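First comes the structure, then the notes that go with it.
Here the structure is a predicted model, which means the values were calculated and not measured. Quick note: numbers below take in every heavy atom, side chains included, and nothing from hydrogens, waters or symmetry partners. A note on names: the letters A, B, ... follow the listed sequences, proteins ahead of strands, and every chain is numbered from 1.
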Protein chains: 2
Amino acid sequence: MDSFSIEKPVRYYDQVYNTLREMIVQGDLKPGDSIYEARIARDLNISRSPVREAVRALEKEGLLAIDEKSRITVYKPTLKDIVDIYECRMVLESLAARLTTRLATAQELQNIEKTVIDSKQYLDVEGERNRQALIAENGRFHELIIKYSQNRRLKKQLRDLHSLSHYFRTLNFQGENREWIVYNEHQDILAQMKRRDEDKAAFMMNKHLETDLEHLKEIFTRYTKE
Amino acid sequence: MDSFSIEKPVRYYDQVYNTLREMIVQGDLKPGDSIYEARIARDLNISRSPVREAVRALEKEGLLAIDEKSRITVYKPTLKDIVDIYECRMVLESLAARLTTRLATAQELQNIEKTVIDSKQYLDVEGERNRQALIAENGRFHELIIKYSQNRRLKKQLRDLHSLSHYFRTLNFQGENREWIVYNEHQDILAQMKRRDEDKAAFMMNKHLETDLEHLKEIFTRYTKE
DNA sequence: AGATTTTTAAGTGTCGACAGACTACAGAAG
DNA sequence: CTTCTGTAGTCTGTCGACACTTAAAAATCT
């Protein structure tokens, strides 16, 4: 009897929200692209009501922008926006590193370590496939640290900030041996967490994101200057 | 010819959003209260569509909670929630203090100073009227610092966090001579900003919010323990 | 009366419709 | 050929309607 479970029908507006969000974060919808709720509703064979609600949520989240004429576009950050976002990320993710250093169990630290170890194997080999895997593994490193911080609000805030800057995460691995730098910094942070030195862990996380930002700035100006 | 200006009609869902938000933050709607979109629509003589959209935005903002049975209630933070929120506020508002110390013009610093000076006059006199004015003035102090930080993302994040903890701002002034403590701390922060010492300014802001939090914790446990 | 079932009222999720705003384009006027 | 104007199509903002769910009230049975 227990094996039966009634599924509540998933609301359309939740599905639309998740779908659109995914499309934006995954890059199927690019920054600046126009969105038409009428069109989306038609494509999905539903009415506009659920779509509108999803759009309102995504706008509040910052992923969609609605101009004064009600035109909807995918959020396209300026360089200043990216700096702003990163400044916030730096302090919040430092906090996450601090809390996790303080609270994480040995097992949890091991889970974090695993992402570092695993990412190592992708470093030596070339190829698009490996690059994607590496990016995913690096993302996981940050995710876990946030997760183990045990601060719900922090998770929410950083989730939003991440999705806002996700577009650039892919760009982040261009140039010199950027992957190695990231790898080393992750290792450093982990080391401090294992030593339970929360001040240092927070500090290194801050620094890590700062170099990230510096690198992004370059990429950005190079990219938009053509 | 220039004196004519066409006003765009304000969208209902914007108005509903603002109205509901204000009602929650001002305390007309208390944490845990139930909300019915149908009822709101009826009261305002509009259809449910704009109300629903406003509700979705407020849910994303965190001011409304929607349970698995679609019942809508005003967000009622637990003690842990408050701690979480304050931990975020501490790092973000420290950042605001830092940026403002770095970037604010002399005039802007003077505007901040004004809130401190003005609040002084409410300290000596008793009475509900003065208490409200004092709370408003103290709020303005924080507002201005955030505003002058010139970081849009930071402003948004803190706006949300403030509204989430607003319910407690009123409680914050109970007990001993709490007002004086706050007043002094504000003065200290301002002093560091005027000296353009951003490290110290950020540090003191952090400390200020920490004592705030400690005090809130007490109040909270006292309040919910009856 | 107390427990159980049935009715009824009220709320949510979704839909299709309609008016008004914008855009793009075709045709008229210079 | 360019510029203005009219018009058709598309999109948004809002509405009222309907099905379904939940919760409360009423009715029924023991």
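B/E37 has its CD atom 15 Å from the P atom of D/dT14, to the nearest Å. In this structure, B/N45 places its CG atom 21 Å from P of D/dG13, rounding to the nearest Å. Rounded to a whole Å, the CG atom of A/D43 is 14 Å from the P atom of D/dT10. Taking atom CD1 on B/I46 and atom P on D/dT14, their separation rounds to 8 Å, with Å as the unit. Rounded to whole angstrom, the span from the CD atom of B/E68 across to the P atom of C/dT12 amounts to 15 Å. With rounding to whole Å, B/Y12 atom OH is found 13 Å from C/dG20 atom C1'. One can place CD of B/E59 at 10 Å from P of C/dG13, the figure rounded to the nearest angstrom. Atom CZ in A/R52 sits roughly 11 Å away from atom P in D/dC15 (whole-Å rounding).
With A/I40 as reference, A/V51 is the one residue of A/V55, A/I46, A/I72, A/V51 to meet the side chain to side chain contact (heavy atoms under 4.5 Å, CB included) rule.
Checking B/H186 against B/E113 by side-chain atom types alone, no donor-acceptor pair falls below 3.5 Å.
Between C/dT12, D/dT14, C/dT14, one nucleotide has an atom nearer to the side chain of B/I72 than all others, and that is C/dT12. Distance from the side chain of A/Y36 is smallest for D/dT12 among the nucleotides C/dT14, D/dT12, D/dT14. Closest to the side chain of A/K69, out of D/dT14, C/dC22, C/dG13, is C/dC22. Closest contact between the side chain of B/S70 and the listed nucleotides D/dC11, D/dC15, C/dT12 involves C/dT12. Out of C/dG13, D/dG13, C/dT14, the shortest distance to the side chain of A/R48 is found at D/dG13.
Backbone-only engagement by B/R71 is indicated by non-hydrogen atom pairs under 4.0 Å involving sugar-phosphate atoms exclusively.
Between A/S47 and C/dC15, a side-chain N or O to OP1/OP2 separation shorter than 4.0 Å is present. A sub-4.0 Å separation between OP1 or OP2 of D/dT14 and a side-chain N or O of B/S49 is absent.
Here the closest non-hydrogen pair linking A/A54 and A/Y13 is CB-O, 3.7 Å.
B/T100 OG1 to B/I112 CD1: the interatomic distance, rounded to the nearest 0.5 Å, is 6.0 Å.
Looking at B/E137 and B/R140, a side-chain N of the basic residue comes within less than 4.0 Å of a carboxylate O on the acidic one, giving a salt bridge.
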